[in-house]
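Just below is one structure, and these are the notes that go with it.
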2 protein chains.
Amino acid sequence: MAEYGCARMTVHKAITALASAGLVTRNKRAGTLVAKPPVVTAVLEIPDIAALIAARSEVYEFRLLSREIRPLRAEDGAEAALAPHGEVLALTGAHLAGGEPFGLESRIINLATAPEARDRDFTVEAPGSWLLHHAPWTDARHRITAVAAEATQARRLGVARGGACLQIERWTWRAGAGVTFVRQLFPGDRYDLVAEFSPPGAT
Amino acid sequence: MAEYGCARMTVHKAITALASAGLVTRNKRAGTLVAKPPVVTAVLEIPDIAALIAARSEVYEFRLLSREIRPLRAEDGAEAALAPHGEVLALTGAHLAGGEPFGLESRIINLATAPEARDRDFTVEAPGSWLLHHAPWTDARHRITAVAAEATQARRLGVARGGACLQIERWTWRAGAGVTFVRQLFPGDRYDLVAEFSPPGAT
DNA sequence: GCGCATATAATGTCTAGACATTAATCGCGA
DNA sequence: TCGCGATTAATGTCTAGACATTATATGCGC
């Protein structure tokens with residue numbers, strides 16, 4: 001306040017912005033210190049696939065490959081983080097751009113959290129878009145890895161078996177209850193993720 | 001203010017938080033509206049590789065593969081975003097975890113922005129860690145893709161040729177001037193990125 | 001009807017003061 | 001020296017008012 005001749009509120013807002021960017025850490029009584037390890041963070045935008053393809057001025061299409069209502073199995077592994085038990089809607093489908101395969105997805109929807117999904121027809125509408133508008137989430141976790149396409153996947157995507165694909169796994173929760181788990185697979189040459197980072201105050 | 005009986009500043013702060021989370025858009029005169037496409041964003045942490053490996057309680061090691069000072073070539077393509085011209089330090093190296101290859105990196109350091117890098121010995125110290133502490137950046141851009149390992153890369157990483165790898169490209173700038181461009185390659189089964197998202201106010 | 005100056009309604013930002021919260025520190029007694 | 005309560009120094013949050021900024025809306029003259 002003395003150095004810049006401004007009010008405490010103004011200094012507070014500025015420092016709060018620095019803290020939210022991870023540049024400083026604030027501790028009561030101890031004061032505000034420059035953060036030790038400047039962890040590199042970036043804001044990642046995971047786009048809606050339909051919107052992404054529309055932006056490339058190509059025709060988007062979703063094709064449902066399988067649909068099943070079943071209890072959540074313990075051996076579902078990663079999917080089990082969704083809910084301890086209960087019925088789920090398991091879907092697999094393909095995203096097409098201009099008639100060509102663009103990506104595959106395998107999804108589990110928790111029917112306890114999103115019961116309306118049970119009677120929904122996902123043969124042409126992508127479940128991701130529907131969920132986005134009808135079962136909003138409050139928390140999400142993403143895992144991004146590179147995997148080799150398995151035989152079936154490779155055939156459906158029109159790539160060589162073992163071809164490098166970007167795999168995005170996403171778990172979403174609403175108020176602590178699992179909503180959906182999705183595993184998406186994109187051929188490496190057809191999709192990439194871009195993340196930007198600029199600290200606050202940068203113009 | 002009328003609805004919650006509080007001051008304008010308080011409402012402003014709350015709405016600012018919503019806006020920064022992308023839930024609403026603010027327009028002067030037009031007012032604040034619920035954001036149309038709830039773009040899925042997540043905060044991605046790009047860890048320091050040495051710290052990441054240390055966290056797995058394995059021994060980290062960096063091995064320099066090549067070092068060259070040369071003018072930035074126009075045909076550098078993606079790298080050219082760094083600076084229009086001028087000398088760069090081009091490095092390639094390998095990250096090892098417990099003696100085993102963990103990842104490869106190919107890096108360009110802009111000597112106009114980070115001149116101290118010229119005389120620095122990177123044979124054992126990873127340039128990424130050094131830059132993090134000596135040439136801080138203010139803006140960064142990341143691109144995440146899945147690629148197939150080329151013959152040389154596959155040999156150095158100890159994976160099959162054509163094996164799926166996660167490729168991270170990062171451009172960093174300080175006050176508009178390019179600092180470094182790095183392309184990192186990790187075998188898909190040895191590395192993944194995790195991104196979390198919780199909107200403000202979630203406890 | 002069109003173009004332009006003006007009004008207006010929203011956001012953006014700051015001030016000065018008040019009170020709340022919390023964790024480190026100090027001081028005192030055992 | 002140890003333990004514990006009181007103090008204090010920092011952050012956290014809110015208020016009520018002021019002025020700045022800017023895109024839209026309005027009204028007027030041609």
Can you check the [X] [atom1] to [N] [atom2] distance for me, whole Å?
| X | N | atom1 | atom2 | result |
| --- | --- | --- | --- | --- |
| Met1(A) | dT15(C) | CE | P | 9 Å |
| Ile15(B) | dG12(C) | CD1 | C1' | 12 Å |
| Lys13(B) | dC14(C) | NZ | P | 14 Å |
| Arg8(B) | dA18(D) | CZ | C1' | 10 Å |

Could you work out which one of [options] sits closest to the side chain of [X]?
| X | options | value |
| --- | --- | --- |
| Met9(B) | dC14(C), dT21(D), dA9(C) | dC14(C) |
| Lys28(A) | dT11(C), dT15(C), dG12(D) | dG12(D) |
| Thr10(B) | dC14(D), dA18(C), dC19(D) | dC14(D) |
| Arg29(B) | dG12(D), dA23(D), dA9(D) | dA23(D) |

Measure up the Phe122(A) and Trp130(A) rings against each other and bin them: parallel (under 30°), tilted (30 to 60°), perpendicular (over 60°).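 Aromatic pair Phe122(A)/Trp130(A) classed perpendicular.
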Cys6(B) or Gly31(A): which one's nearest nucleotide on DNA chain D is closer to the 5' end?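 Comparing both residues, the 5'-ward one is Gly31(A).
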Below the 4.0 Å mark, does dT11(D) have OP1 or OP2 next to a side-chain nitrogen or oxygen of His12(A)? no
Salt bridge or not between Glu61(B) and Arg63(B)? Use side-chain N to carboxylate O under 4.0 Å.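 Counted as a salt bridge, because a side-chain N and a carboxylate O are separated by less than 4.0 Å.
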Is the backbone N or O of Thr145(B) less than 3.5 Å from a side-chain atom of Asp192(A), with the two atoms forming a donor-acceptor pair by type?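 Not at all, since once roles are kept as given, no pair shorter than 3.5 Å links the two residues.
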Take Leu91(A) and Glu68(A) through the side chain to side chain contact (heavy atoms under 4.5 Å, CB included) test and state the conclusion after the steps. CA-CA 7 Å; Leu91(A) 303 168; Glu68(A) 183 194 5; over 6 Å; no
Find which nucleotide of DNA chain C each of Arg26(B) and Ala30(A) is nearest to by heavy atoms, and output the residue with the more 5' nucleotide.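 With Arg26(B) and Ala30(A) compared, the 5'-side residue is Arg26(B).
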Want to settle it: does Asn27(B) or Gly5(A) sit nearer the 5' end of DNA chain C, counting the closest nucleotide to each?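 This one resolves to Asn27(B).
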If you look at every strand shown and take non-hydrogen atoms under 4.0 Å, does Thr32(A) touch a base, only sugar-phosphate, or nothing?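 The residue Thr32(A) makes sugar-phosphate contact but no base contact.
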